[in-house]
**Student:** 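One structure, pasted below without further comment.
It should be emphasised that the depicted structure is a prediction, and the values quoted were computed from it without experimental measurement. Letters A, B, ... are given to chains in the order of the sequence lines, protein chains preceding strands, and every chain is numbered from 1.
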Amino acid sequence: MTETVSRPVGARQVPLPLDVEAIRADFPILSRTVRDGKRLVYLDSGATSQKPTSVLDAERWFYENVNAAPHRGAHQLAEEATAAYEAARTTIGAFIGAPENEVVFTRNSTEAINLVAYALSNAATAKEPEFRRYAVGQGDEIVVTEMEHHANLLPWQQLCERTGATLRWLGLTDDGRLDLSDLATVVNERTKLVAVTQQSNILGTINPLGDIVARAREVGALVLVDGAQSVPHQRVDVTELGADFLVFSGHKMLGPTGVGVLWGRYDVLDALPPFLTGGSMIEVVRMEGSTFMPPPQRFEAGVPMTAQVIGLAAAAEYLQRLGMDAVQAHEEALTEYALAELQAIPGVTVIGPPDTVARGGAISFTVEGVHPHDVGQVLDDLGIAVRVGHHCAWPVVRRYGVPATTRATFYVHTGYDDVDALVEGVREAQRFFGVAPSEVK
Amino acid sequence: MQLQSMYQDIILDHYRNPHGRGLRDPFEAEVHHVNPTCGDEVTLRVHLEGETIADVSYEGMGCSISQASVSAMYDLVIGKSVTEAMHTGEQFMTLMQSKGNATVAEELEDDLEDAVAFAGVSKYPARVKCALMSWMALKDASARALSTTNEAN
Ligand SMILES: Cc1ncc(COP(=O)(O)O)c(C=O)c1O
């Protein structure tokens, strides 16, 4: 193997924008120990983030004080629960620059994407003519990219299988970026929707959405942006994005599990039939047939995950207090340092952009001679939580010819000490498996 | 450090110098198993002579535990009848479910030979699947091999 990266002369530790010690005090879980008394070094926020006290308190406040089913019942608790639920919608909408009537609550990003995919196939058979505008069928094309999380790939594969549409995709370059050289042919007049991630959960790449959105506009295709890894880590404003849909998960942005968001342009949402049907989304119900509420209620069948939504609003407020630009700058400083330190270890190869240009804080790497599972096991023994495997992006690891990777992800409580622990842990894994640089033949 | 309890020297030896690796002819059945949570893979062939497992050949990629497990399994099952091998597989499964209980490991030591070294893995639920993958593949391949040889008879 050729070493293309030379050892940097001492990785830089610029002062971090966020006060890591103060922030850590907000996260109760960070004070526990793991594996026989070791400090928890949590580098798996990309899978799910830890929760600050204010989020936990918000959920508890809801259950202790106002718990009731929102939008049902006329008693005081129901009124207060509805008000709290809708106020949270406003807060979460504001976090991404959206009005509240464009914010739909789902279980997570996965469900939000499935909602859109099923709405597009349901559109083909809708009895209401106004719901057929975006129907997908034979001859139509859906475009994704090779770096999508399975959550933004399988729903589209399945949509194509249901409708006879064709799935096409943009490939990747060797340095972990989207290959846009054939954008103009892959996205064409037959394209109905382009689904693309803003930040790759495995490569860390931040994609040039502007180019993709512009091309989609030219051909009249819808654009869905997977914001599961971007909304938690950078400022995202839907008015600047130019897309039609944005999805993200509460649990990856300091919020509770069980709540995600589908943002949709109102006129687009309004032209879509429902995905799930039942209570809370209807206008008039008769045995012969029913009519539905306008968005967002049309897409929120059943009693919603009210406490989680309240908790997510608290998470958005927490992030807002830190400032999303500061959050991004914080992670960028850590990423720059970690990339330099990791790539300075002989045998370590970063899968993804090697520098911080248009890059987030997900760092995937391989260690020559040590399988990622074994790297993860040694790190775990040291109290360091990382993710190993294909990261629900199997085509990506296949594209780069590795069976799996080890992935570290950063967040607001991550400091240089965490990165140092990781780097030392990787060296320990090399020593343990007898492939430490000095022992390499 | 707890690591040594999982990564016994026997395991690391099998990992570095796997026994019986490579795909060989003849064979009556070939299966391909993957561990969907991590992408580990094994392709495994079984060659029977009558009821006896004459050869198990394999290729795969995966972590040290999955690779060492298939190597230790190879040593254990060659020359055994399919029924005996499946019994050994069940004993290995028992070991993997023992959550590090030393008594279980001691009871199985004579039967499982090198494979008893995997006792430490049973303390790590996420890794148990790595150790079991090759045994699942063997079970699958043996059943298929038996049915093809039965059809041929
Ligand atoms: C880029 C990306 N998209 C989608 C998802 C799916 O999110 P969830 O599992 O919360 O639905 C994830 C995370 O798992 C992700 O990283």
**Student:** Does any non-hydrogen side-chain atom of A:D381 lie less than 4.5 Å from one of B:M6?
**Tutor:**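 The answer is no; the side chains never approach within 4.5 Å.
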**Student:** Tell me whether the count of non-hydrogen atoms from other residues, nucleotides or ligands lying under 6.0 Å of CZ in A:R107 goes above 12.
**Tutor:**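 No, CZ of A:R107 has 12 or fewer neighbouring heavy atoms, counting only those of other groups under 6.0 Å.
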**Student:** Might you point out which heavy atoms bring A:F433 and B:S64 nearest each other, and give the distance in Å?
**Tutor:**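 Looking at all heavy atoms of both residues, the closest pair is CE2-OG, 4.1 Å.
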**Student:** At their closest point, which heavy atom of A:H373 faces which heavy atom of B:Y7, and how far apart are they?
**Tutor:**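 Heavy atoms only, the tightest pair is O-OH, 4.4 Å.
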**Student:** Is a salt bridge present between B:R127 and A:D380, judged by a nitrogen-to-oxygen distance below 4.0 Å?
**Tutor:**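 Answer for the salt bridge query: no.
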**Student:** Among A:D374, A:V375, A:V370, A:D36, who wins on heavy-atom pairs under 4.5 Å with chain B?
**Tutor:**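 The answer is A:D374.
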**Student:** Please report the closest heavy-atom contact between B:Y15 and A:H371, naming both atoms and the distance.
**Tutor:**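 For B:Y15 and A:H371, the tightest heavy-atom pair comes out as OH-N, 4.2 Å.
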**Student:** Kindly check if the number of other-residue, nucleotide or ligand heavy atoms within 6.0 Å of CH2 (A:W394) is above 12?
**Tutor:**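 Counting neighbours around CH2 of A:W394, more than 12 heavy atoms of other residues, nucleotides or ligands fall under 6.0 Å, so yes.
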**Student:** Can you tell me how far CG of B:L3 sits from CZ of A:R35, rounded to the nearest 0.5 angstrom?
**Tutor:**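 It is 9.5 Å, given to the nearest 0.5 Å.
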**Student:** Partners of A:T110 by side chain to side chain contact (heavy atoms under 4.5 Å, CB included), sequence neighbours excluded?
**Tutor:**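 Checked A:T110 against side chain to side chain contact (heavy atoms under 4.5 Å, CB included); matches are A:N108, A:N114, A:A151.
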